[in-house]
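Down below is the structure, laid out as structure tokens.
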Amino acid sequence: MKSTQISTKHDWSYNEIAALFELPFNDLIFQAQSIHREVFDQNKVQLSTLLSIKTGKCPEDCAYCSQSNRYDTGLTYEELMEVEEVITAAKEAKAAGSERYCMGAAWRSPKGRDMVKVTAMVKGVKALGMETCMTLGMLNKDQASELADAGLDYYNHNLDTSPEYYKQIITTRKYQDRLDTLQHVRDAGMKVCSGGIVGMGETREDRIGFLQQLANLPVHPDSVPINQLVKIEGTPLDLTLEEQIDSFEFIRMIAIARILMPYSYVRLSAGRETMNDEMQALAFFAGANSLFYGDRLLTTDNPEESKDRQLFKRLGINNEEHIIDDLGENAHDEPASAAQVASQSESLFYNAVLVDERFTRPAARATG
Ligand code: SAM
Ligand code: DTB
Ligand code: SF4
């Protein structure tokens with residue numbers, strides 16, 4: 001992040017946000033990109049990899065979710081993973097270039113015995129030198145402190161949509177419960193990751209209300225995942241929704257999130273499988289600077305890592321940390337895994353400086 005004077009505020013009115021939605025598309029994107037490059041390096045993305053550590057049989061009724069036990073989605077139940085399995089999977093993600101490991105569990109909230117295991121996971125993954133994130137459902141004050149003490153960097157808990165539309169999507173927990181969990185996470189000193197889903201049949205008014213909630217939190221979330229609904233067969237939303245959200249409306253969401261929360265990482269999250277490269281490039285141009293990297297989200301597919309690296313290369317985008325250096329160190333420290341060998345054998349990320357020199361400064365290079 002650059003040191004800059006862009007101001008932030010936490011009292012965005014509905015009308016101010018509605019006015020942003022009404023801007024001509026080019027004016028909106030220009031405004032978002034201008035803010036984006038003031039605050040961030042516009043050619044860098046932050047990469048997080050997801051792992052579902054406990055899958056399915058969730059008692060909640062989120063109308064979009066493959067993991068709710070209320071719907072027949074054909075998902076195979078998997079109990080909480082062993083700590084060592086999680087660490088092995090995190091190592092592979094790191095070897096492929098990921099910076100943050102996000103572990104998700106299909107719980108309403110974690111139980112006491114779960115906390116012992118998940119805190120051990122946090123410690124194990126951190127010991128690899130990765131940032132850690134978890135999404136385990138609602139947390140009380142003590143659970144948030146326990147995770148913070150274990151060293152958890154980020155906690156993901158989404159507001160999902162506007163307070164008004166929320167009741168159509170989830171009945172088993174309240175909007176206020178979500179706000180309370182975010183408060184506990186902040187109070188415990190962890191970074192907040194909170195966003196939501198678009199394309200669930202919500203109106204423009206709901207999208208405005210949703211962004212207003214996020215932007216008027218006491219502190220803007222460090223990460224704001226904007227998910228496009230992944231339609232899951234057997235869920236209520238699969239049965240009732242006919243139309244996908246308009247692509248430009250989705251890009252507007254990204255741009256407005258960038259404008260409202262200039263210092264937050266805006267994550268282009270679920271739904272990339274159905275987006276072409278041009279749409280993703282537009283999302284980066286509108287201010288998205290983070291994504292889920294790895295061929296699996298929680299229970300659904302995500303673009304393959306090699307496909308993403310190709311896209312980054314075509315766009316001149318690099319990742320935030322010194323992944324290539326880290327790979328070099330790992331190669332000396334321990335025997336390389338199959339994934340490491342595969343990923344080291346190709347150039348992980350495009351090096352814009354090298355290419356610039358090759359094409360623009362041949363004379364200078366020749367004289368050394
Ligand atoms: N069970 C925990 C909870 O809900 O708090 C954590 C996991 S839950 C799967 C995390 C988030 O993933 C949800 O809040 C939702 O925003 C997103 N998500 C889940 N299913 C999705 C889908 N089919 N399409 C898009 N986003 C989805
Ligand atoms: C978030 O906002 N999106 C991620 C993460 N937080 C946990 C989850 C997306 C899930 C997509 C559907 C699935 O794979 O089950
Ligand atoms: Fe359970 Fe989370 Fe899915 Fe809701 S989103 S059903 S809480 S796993």
Side-chain angles (χ1 to χ4, degrees), residues 48-71 73-78 80 100-110 114 118 132-139 143 154-161 165-166 169-175 177-182 184-185 192-202 210 214 221-238 241 244-245 250 257 265-275 288 290-303:
S48 296
T49 298
L50 274 170
L51 176 71
S52 180
I53 57 171
K54 182 263 170 180
T55 308
K57 286 199 189 166
C58 182
E60 305 283 86
D61 69 352
C62 311
Y64 48 76
C65 191
S66 60
Q67 307 200 64
S68 166
N69 67 11
R70 319 271 173 129
Y71 321 125
T73 63
L75 191 75
T76 309
Y77 168 68
E78 287 168 40
L80 184 60
R100 191 178 306 158
Y101 208 57
C102 301
M103 295 156 269
W107 288 323
R108 175 176 164 79
S109 54
D114 305 322
V118 297
T132 50
C133 176
M134 283 192 159
T135 178
L136 313 172
M138 290 187 286
L139 294 183
Q143 289 169 322
Y154 291 80
Y155 195 78
N156 166 242
H157 199 64
N158 288 342
L159 293 181
D160 272 352
T161 187
Y165 196 58
Y166 183 86
I169 301 295
I170 301 143
T171 69
T172 48
R173 75 169 77 140
K174 295 195 177 70
Y175 210 77
D177 294 330
R178 294 191 179 248
L179 293 168
D180 291 347
T181 292
L182 295 182
H184 297 320
V185 171
V192 168
C193 170
S194 188
I197 313 181
V198 286
M200 297 194 293
E202 74 284 346
F210 159 59
L214 286 175
D222 298 84
S223 286
V224 178
I226 304 291
N227 298 276
Q228 181 175 283
L229 176 72
V230 178
K231 264 192 169 191
I232 310 278
E233 233 181 284
T235 58
L237 287 184
D238 180 50
L241 262 189
Q244 244 203 335
I245 183 175
F250 182 83
Y265 282 79
V266 176
R267 182 173 303 137
L268 177 59
S269 304
R272 291 199 299 121
E273 274 286 87
T274 58
M275 295 177 199
S290 167
L291 46 80
F292 286 121
Y293 176 67
D295 59 8
R296 203 80 182 137
L297 292 166
L298 291 175
T299 67
T300 64
D301 288 342
N302 196 40

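Computation of the quantities below employed the complete heavy-atom set of this structure, encompassing side-chain atoms and omitting hydrogens, waters and symmetry-equivalent molecules. Read the numbers this way: they start at 1 and go in the same order the structure lists the ligands and their atoms.
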Where the closest heavy atom to atom 9 (C) of ligand 2 is concerned, which of I232, L229, N227, D160 has it?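 Looking at heavy atoms only, N227 sits closest to atom 9 (C) of ligand 2.
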Sort by chain and number the protein N/O/S atoms that are closer than 2.8 Å to atom 3 (Fe) of ligand 3, and list them.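 Only C65 SG fall inside 2.8 Å of atom 3 (Fe) of ligand 3.
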Enumerated ligand 2 atoms positioned under 4.0 Å from heavy atoms of [X]:
X    : value
P225 : 2 (O)
T300 : 12 (C), 13 (C), 14 (O)
T135 : 7 (C)
N158 : 1 (C), 2 (O)

If we only count N/O pairs under 3.5 Å, is A270 in contact with ligand 2?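 A270 vs ligand 2: no N/O contact under 3.5 Å.
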[X] side chain to [Y] side chain, donor-acceptor N/O pair below 3.5 angstrom:
X    : Y   : result
D160 : Y64 : yes
S68  : D61 : no
S66  : T73 : no

Using a 3.5 Å distance criterion without hydrogens, assess whether the side chain of N158 forms a donor-acceptor pair with backbone atoms of G195.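 Side chain of N158 to backbone of G195: a pair is present.
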Residue portion contacting ligand 2 (non-hydrogen atoms closer than 4.0 Å) for [X]:
X    : value
N156 : side chain
S269 : neither
T299 : both

Is R173 in contact with ligand 3, taking contact as a heavy-atom separation below 4.0 Å?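 So R173 counts as touching ligand 3.
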For F292, does the six-membered ring have the charged nitrogen or CZ of R272 within the cation-pi criterion, i.e. under 6.0 angstrom from the centroid and within 45° of the normal?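 Here R272 fails the 6.0 Å and 45° test against F292.
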With a 6.0 Å cut-off (strictly less than), is the heavy-atom count around CD of E233, excluding the residue itself, greater than 12?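 No.
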Please round to the nearest 0.5 Å and tell me the distance separating atom SG of C102 and atom CG of L51.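 So the SG of C102 and the CG of L51 are separated by 10.0 Å.
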Search all heavy atoms of P110 against all heavy atoms of Q143 and return the closest pair with its distance.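 Minimum heavy-atom contact is O-NE2, 2.7 Å.
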Indicate the atoms forming the closest heavy-atom contact of M138 with T181, along with that distance.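 Shortest heavy-atom separation between M138 and T181 comes out as CA-OG1, 3.5 Å.
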Return the protein residues near ligand 1 (heavy atom under 4.0 Å from any of its atoms), ordered by chain and residue number.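 Contacting ligand 1 under 4.0 Å are Y64, A105, W107, T135, G137, H157, N158, D160, R173, I197, N227, Q228, L229, V230, I232, A270, L298.
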Does the protein place any heavy atom closer than 4.0 Å to atom 7 (S) of ligand 3?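 Within 4.0 Å of atom 7 (S) of ligand 3, protein heavy atoms are found.
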